[in-house]
Amino acid sequence: MILDGKKIAAEIRGELRAQIEALQAAGKRVPKLAIVIVGENPASVTYVNNKMKACAEVGIEAVKIAYPVEITEQTLLSEVHKLNNDPSIDGFIVQLPLPDHICETTIMCAIDRRKDVDGLTPENVGRTVQGLPSIISATPRGIRELLARYQIATEGKHVVVIGRSNIVGKPMAILLMQRPYLSLPGMSAASLGDATVTICHSKTRDLTAICRTADIIIVAAGSPGLLTAEMVKEGATVIDVGINRVNGKLVGDVDFEHVAPKAAYISPVPGGVGPMTIVSLLQNTLQAYHEHTR
Ligand code: NAD
Ligand code: L34
């Protein structure tokens, strides 16, 4: 079965829209998100435009703040401080990657955790690890929601996560191993968490043998065709996070054609995790708004 992220994301946008209309009907202001983008990396431009469009659809006010690629780290830092201190902004993100002369860690660390709707600050990551209320990074939150809406439980399952980035692999592994009672806002009915998690990366030996024992495989490596059919157990669930452009075509990290017949559930690229990432940003923005206005 195909895990239709595009469809689920549209359903969630409908739910968000109703919640935001209810705020308006009660005479309240709507949530406001700022998106900072540096330079004109074509993939980033597409993702940011998708985010702006999704905000418009649900009634979140969104502003795009675009800087040329030559912006200094100091100027970008002062923009972050300005957004931290602007009471009209509920949340903001700085789209990654940043140009080489700007330190991503420095920028991420400067964001106020209450406005960090990407969930990438050390404060939010640390709180997530300890099961405290936090903002969870958009892609893992979206994958968790996708699993939940298809009622794919993770309790006791062996989940293999391929990739150890701060934005996907690491927080994904944490959410999956967490005791579910510690789970945070936005969680759906199915029991998510309580998995046995193996994290693999570029130095992992015998990835094939490890993957073959997995009930669920989440691939976030940025390597087209990495996950082949021989690595997948019959009836496993496969989540493809990768986004690669090969000969002008958008593909994930999974050899979809050969893996799909073996998998019980599989997410496609495009139309799988990407739209879930975007809708999770909207959910995080509404969450930050509620924290901010209470
Ligand atoms: P990254 O690009 O920073 O790092 C890649 C990770 O994969 C590293 O941890 C590396 O150790 C691991 N890796 C690379 N090759 C490997 C191999 N052959 N075997 C095992 N591990 C390997 O990671 P990222 O930022 O999480 O991005 C990964 C991919 O996911 C990229 O294609 C990116 O575009 C995509 N992505 C998609 C979304 C989405 O919403 N769909 C969100 C974030 C990232
Ligand atoms: N700060 N930087 C920050 N936050 C993020 O959450 C991201 N990410 C990743 C890159 N940098 C970031 C995203 O937004 C990747 N990402 C992202 C967002 C949207 C989509 C893919 C990745 C997306 O919309 N994917 C569509 C296809 C888009 C296309 O046509 O290129 C899909 O169906 O998969």
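The structure presented is a predicted model; accordingly, all values stated were derived computationally and were not measured. Each ligand, and each atom within it, is numbered from 1 in the order the structure gives.
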Subject >> Under 4.0 Å to a heavy atom of Val168 - the qualifying atoms of ligand 1, by number >> reply: 26 (O), 43 (C), 44 (C)
Original post:
Can you tell which of Lys203, Lys170, His201 gets a heavy atom nearest to atom 21 (N) of ligand 1?
Top reply: His201
**OP:** Check step by step if side chain to side chain donor-acceptor pair (under 3.5 Å) holds for His158 and Thr198.
**Re:** CA-CA 8 Å; His158 181 208; Thr198 302; 2.7 Å; yes
Original post:
What are the atoms of ligand 1, with element, lying closer than 4.0 Å to any heavy atom of Gly274?
Top reply: 40 (O), 41 (N)
**OP:** Determine, considering heavy atoms only, which of Ala221, Ser165, Gly169 sits nearest to atom 14 (C) of ligand 1.
**Re:** Ala221
Original post:
Taking N or O atoms only and a 3.5 Å limit, does Val94 qualify as a polar contact for ligand 2?
Top reply: yes
Original post:
Going by the order shown, which atoms of ligand 1 are within less than 4.0 Å of some heavy atom of Val241?
Top reply: 30 (O), 35 (C), 36 (N), 37 (C), 38 (C), 41 (N)
**OP:** With heavy atoms of Gly222 as the reference, note each atom of ligand 1 found under 4.0 Å away.
**Re:** 28 (C), 29 (C), 31 (C), 32 (O)
**OP:** Would you mind listing which atoms of ligand 1 come within a distance below 4.0 Å of any non-hydrogen atom of Thr277?
**Re:** 39 (C), 40 (O)
Subject >> Ile111 and its side chain to side chain contact (heavy atoms under 4.5 Å, CB included) partner, picked from Leu83, Asp118, Val117, Val94 >> reply: Val94
Original post:
Can you find an N/O atom of Thr277 closer than 3.5 Å to an N/O atom of ligand 2?
Top reply: no
Subject >> Atoms in ligand 1 with a heavy atom of Gly163 nearer than 4.0 Å >> reply: 6 (C), 7 (O), 9 (O), 12 (C)
Subject >> Criterion side chain to side chain contact (heavy atoms under 4.5 Å, CB included) against Thr154, the qualifying member of Leu175, Asp194, Leu147 >> reply: Leu147
Original post:
What protein heavy atom is closest to atom 27 (C) of ligand 2, reported as residue, atom name and distance in Å?
Top reply: Leu250 CD2, 3.7 Å
Original post:
Does ligand 2 have an atom that lies less than 4.0 angstrom from a heavy atom of Ile243?
Top reply: yes
Subject >> Test log, rule side chain to side chain donor-acceptor pair (under 3.5 Å), inputs Tyr67 and Glu79 >> reply: CA-CA 10 Å; Tyr67 281 105; Glu79 180 61 52; 2.4 Å; yes
Subject >> Identity and distance of the protein heavy atom lying nearest atom 28 (C) of ligand 2 >> reply: Asn50 ND2, 4.0 Å
Subject >> atom 2 (N) of ligand 2: nearest protein contact (heavy atom, Å) >> reply: Leu96 N, 3.0 Å
Original post:
Considering only protein heavy atoms, which is closest to atom 5 (C) of ligand 2, and at what distance to one decimal place?
Top reply: Lys51 NZ, 3.5 Å
Subject >> Mode of Arg245 contact toward ligand 2 - side chain, backbone, both, neither (heavy atoms, under 4.0 Å) >> reply: side chain
**OP:** Report yes or no: does a heavy atom of Thr139 sit under 4.0 Å from some atom of ligand 1?
**Re:** yes
Subject >> Distance from atom 33 (O) of ligand 2 to nearest protein heavy atom, with residue and atom >> reply: Gly271 N, 2.7 Å
**OP:** Measure the distance from atom 25 (N) of ligand 2 to every protein heavy atom, then report the residue, atom name and distance (to 0.1 Å) of the closest one.
**Re:** Gly274 CA, 3.7 Å
Original post:
How far is atom 20 (C) of ligand 2 from its nearest protein heavy atom, and which residue and atom is that?
Top reply: Tyr47 CD2, 3.5 Å
Subject >> Audit row: Asp90, Arg29, salt bridge (charged side-chain N to carboxylate O under 4.0 Å, His left out) steps and yes/no >> reply: CA-CA 11 Å; Asp90 297 295; Arg29 66 179 183 86; 2.7 Å; yes
Original post:
Any protein heavy atom sitting closer than 4.0 Å to atom 30 (O) of ligand 1?
Top reply: yes
Subject >> Verdict with reasoning, Lys53 to Glu57, per salt bridge (charged side-chain N to carboxylate O under 4.0 Å, His left out) >> reply: CA-CA 6 Å; Lys53 212 175 107 206; Glu57 192 187 323; over 6 Å; no
Original post:
Would a 4.5 Å heavy-atom cut-off, applied to side chains only, mark Asp253 and Ile162 as touching?
Top reply: no
Subject >> Nearest option to atom 6 (C) of ligand 1, as decided by whichever heavy atom of Ser137, Ala220, Ser280 sits closest >> reply: Ala220
**OP:** Within a distance under 4.0 Å of any heavy atom of Ile162, pick out the atoms of ligand 1 and give their elements.
**Re:** 20 (C), 21 (N)
Subject >> Non-hydrogen atom of Val273 closer than 4.0 Å to ligand 2 >> reply: no
**OP:** Would you kindly specify which portion of Val269 sits under 4.0 Å from ligand 2, judged on non-hydrogen atoms: side chain, backbone, both or neither?
**Re:** neither
Subject >> Those atoms of ligand 2 less than 4.0 Å from some heavy atom in Pro270 >> reply: 32 (C), 33 (O), 34 (O)
Original post:
Quick one: which of Ile199, Ile143, Leu226 has a heavy atom closest to atom 17 (C) of ligand 1?
Top reply: Leu226
Original post:
Quick one: which ligand 2 atoms are inside 4.0 Å of a heavy atom on Ile278?
Top reply: 19 (C), 24 (O)
Subject >> Shortest protein contact, atom 8 (N) of ligand 2 (heavy atom only) >> reply: Gln95 NE2, 3.9 Å
Original post:
Does the salt bridge (charged side-chain N to carboxylate O under 4.0 Å, His left out) test come out yes or no for Glu145 and Arg141, once each step is laid out?
Top reply: CA-CA 6 Å; Glu145 189 73 38; Arg141 180 174 179 162; 5.3 Å; no
